[in-house]
Amino acid sequence: MADDTIPKWQVNQNRHTRFRTIVGVLRKYNVLSNLARQKNPDQVRAAFEELGPTFIKIGQILSSRTDIVKPEFANEFKKLQDNVRSDEYAVVKETIERQTGKQMSEMFASFDETPFASASMGQTHHATLLNGQKVVVKVQHPGIDAEVALDISLFERALPLLRYIPDSSVIDLSEMVAEIKRSLFNELDTSIEVRNGTRFYHLNDHDDIIRVPHVYAKYSTQKVLVNQYMSGTSIQHFMAKMVQADETSDHQYDEERQYLAHVLVTNFLKQVFEDGFFHADPHPGNILLRELKPSDMGYNDTVAKKTGIIGKRKLPPYRLVYLDFGMMGSISPNLMDGIANVVIAVTTENTRQVGKAILAISNRTGEVDEEAFFSELAPFLGQYYNSGLGDIDFQGLIFEMVKVCRSNNIQVNPEVTMLGKAFGTIEGIVETLDPNLSMMDVARPFARQYMREHLNLRNELEDGLLATAQSLRDTPKLPSRLLSALDTFENGQTRVNIVFSHRKMFIDRIDTMVNKVVLAVILAALIVGSSLLVQSHSDNNWITYIGIFGYVTAVVVIIGLLIGTLHSWYRHWRQK
């Protein structure tokens, strides 16, 4: 293949050439401006495809991060297709043997030399272990880690171009790149996915109809991942069938679709409130549905009946299989308490209580006007309180929620935004399977149960008794304190403190106005004084020069003020 037919990213390039390529494509498609201002997602997608694997993977990561980019961008990035040729079998064999320190024959009875999938980071093969177990082997492309590190470092070098982009405040591009960098390097280290998959397997495998592939850690390394093979098709095929069934009023799948929806919801909430470890990317491509036949192993599996009922029940003839454990979320006990409080607060439809619960699980990056935050939160949440499940755009909800918090100097905990994104993804699947089932309705009992289980009655009782005792001790003092307050008021010593929202902004604007008035007075005095000097001492050259210098100084300052005002108007117009 001639070099002129090979994409730029596939041509052997040194650091400087690659940097020029990246900057050239970024400028060609106006990528930094479009990303920072969240406009023209189709141009950004085209640029990422032209720049190759690293940027394609960046787009794929952003397609599931509606806390970082607008839903329009996320949906556009879902169209990104990997344009990566698969590695030859000899290269794959060398990678596996070098990483594991074992010959292929020592690990596999058979190995399919042709990959069934190839993506930006690696490719996947079917294989069989020596004990007859069918497995899936994911192998990284050679040198992809160095390529990713180079591209990310060069992308970071291009960020200073943001200085020349007006109004680039819709998102923090530097923060976005830092988050992408972390996600990419985590995905390149397969050992992280091994640990995640192993933990998720122990927590969720055989939870009702949920199945999780076993991870073979002894065959897995930093660049090789070996998982148990589980058959099935993406649940999105079943979802498409349900959409068609709804259009034709076909009810033959009603029982199955309701059961699947209920299991997905209850298992996900178990991951959050019981395990504190959840699948952060549960999109339909990562969930398989397997229909069982009577001859299949596990067809007659049983589980215990509901709590309080003795005995077992037979599982229905289908299973849900979770895949891909590269992106997982962990929740600390303290954070879990906060999330439970948010869920309970939402049920009260009390915006102030919801706001306080959000503040409790967030970081403050500057001065926070809580009243302003609550007032901005009220109309935002009000539109969702009485909305049906199908009417809520969770991608838009997450993005707008993060934007409201950021505009008020509030940084939402990354694990919370990740949970919100995962919650919205699962909710989207459930809404198709069973529109009458609301995750919030199921989440409330989970949250209440969690609060009951973690409520320390003894401490709460002691705190209540102490507060009551303090109140009883202060009660006899109330008449004397009231009399003292009346005496102070009568003597004219009363002082009233008035607190209003945006006071800092108000003071800053007053300060700016006063400075402009003072400057205008000084300029007027300078012009009048210069005129007097020139007129009264026309025969004295050096005094005349002083007057002319005063004129020039006043003109320069006025031009500067005019340019600043026009620039301020222009920025305001661009924001609209």
Side-chain angles (χ1 to χ4, degrees), residues 36-38 65-71 162 167-179 182 272 329-385 394-421 423-424 447 451 463 495-513 568 571-572 575-576:
R37 298 171 60 200
Q38 293 290 278
R65 295 301 303 271
T66 49
D67 56 311
I68 297 179
V69 296
K70 282 186 175 180
L162 279 174
D167 305 321
S168 59
S169 59
V170 178
I171 63 169
D172 187 336
L173 201 56
S174 299
E175 180 183 337
M176 184 192 77
V177 173
E179 180 65 21
R182 184 187 66 82
V272 174
S330 296
I331 304 177
S332 66
N334 289 337
L335 183 58
M336 201 177 297
D337 288 341
I339 293 172
N341 285 329
V342 171
V343 174
I344 294 173
V346 168
T347 66
T348 67
E349 298 188 8
N350 184 324
T351 302
R352 180 176 292 271
Q353 188 175 344
V354 174
K356 288 181 178 293
I358 291 174
L359 287 173
I361 58 175
S362 304
N363 301 319
R364 304 189 182 206
T365 58
E367 184 178 351
V368 176
D369 187 336
E370 293 188 6
E371 294 303 321
F373 174 59
F374 297 154
S375 63
E376 194 171 344
L377 200 63
F380 171 73
L381 289 178
Q383 59 185 317
Y384 294 105
Y385 281 142
F394 276 92
Q395 288 187 334
L397 170 63
I398 295 167
F399 182 81
E400 293 300 327
M401 183 68 207
V402 172
K403 195 163 75 170
V404 168
C405 289
R406 185 182 290 127
S407 66
N408 287 277
N409 296 325
I410 299 168
Q411 183 183 49
V412 181
N413 188 300
E415 296 295 339
V416 175
T417 56
M418 188 177 289
L419 174 61
K421 190 271 298 181
F423 186 94
M451 294 299 289
D463 292 343
R495 184 176 64 181
V496 178
N497 293 326
I498 300 176
V499 179
F500 57 92
S501 60
H502 304 296
R503 59 186 180 277
K504 186 177 184 302
M505 183 186 300
F506 176 77
I507 292 173
D508 289 342
R509 287 191 177 182
I510 290 294
D511 185 58
T512 302
M513 290 172 61
S568 177
R571 289 185 62 186
H572 181 69
Q575 285 179 342
K576 291 181 179 178

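Quick note: residue numbers are just sequence positions, from 1. Keep in mind the model is a prediction, meaning the values are calculated, not measured.
Residues passing the side-chain contact (heavy atoms from CB on, under 4.5 Å) test with Arg364, sequence neighbours excluded: Leu359, Val368, Glu370. Applying the side-chain contact (heavy atoms from CB on, under 4.5 Å) test to Asn363 and every residue at least two apart in sequence or in another chain returns Gln411.
A 4.5 Å side-chain heavy-atom check between Asp369 and Asn408 finds every atom pair outside the cut-off.
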Test log, rule side chain to side chain contact (heavy atoms under 4.5 Å, CB included), inputs Ile358 and Phe373: CA-CA 11 Å; Ile358 291 174; Phe373 174 59; 4.2 Å; yes
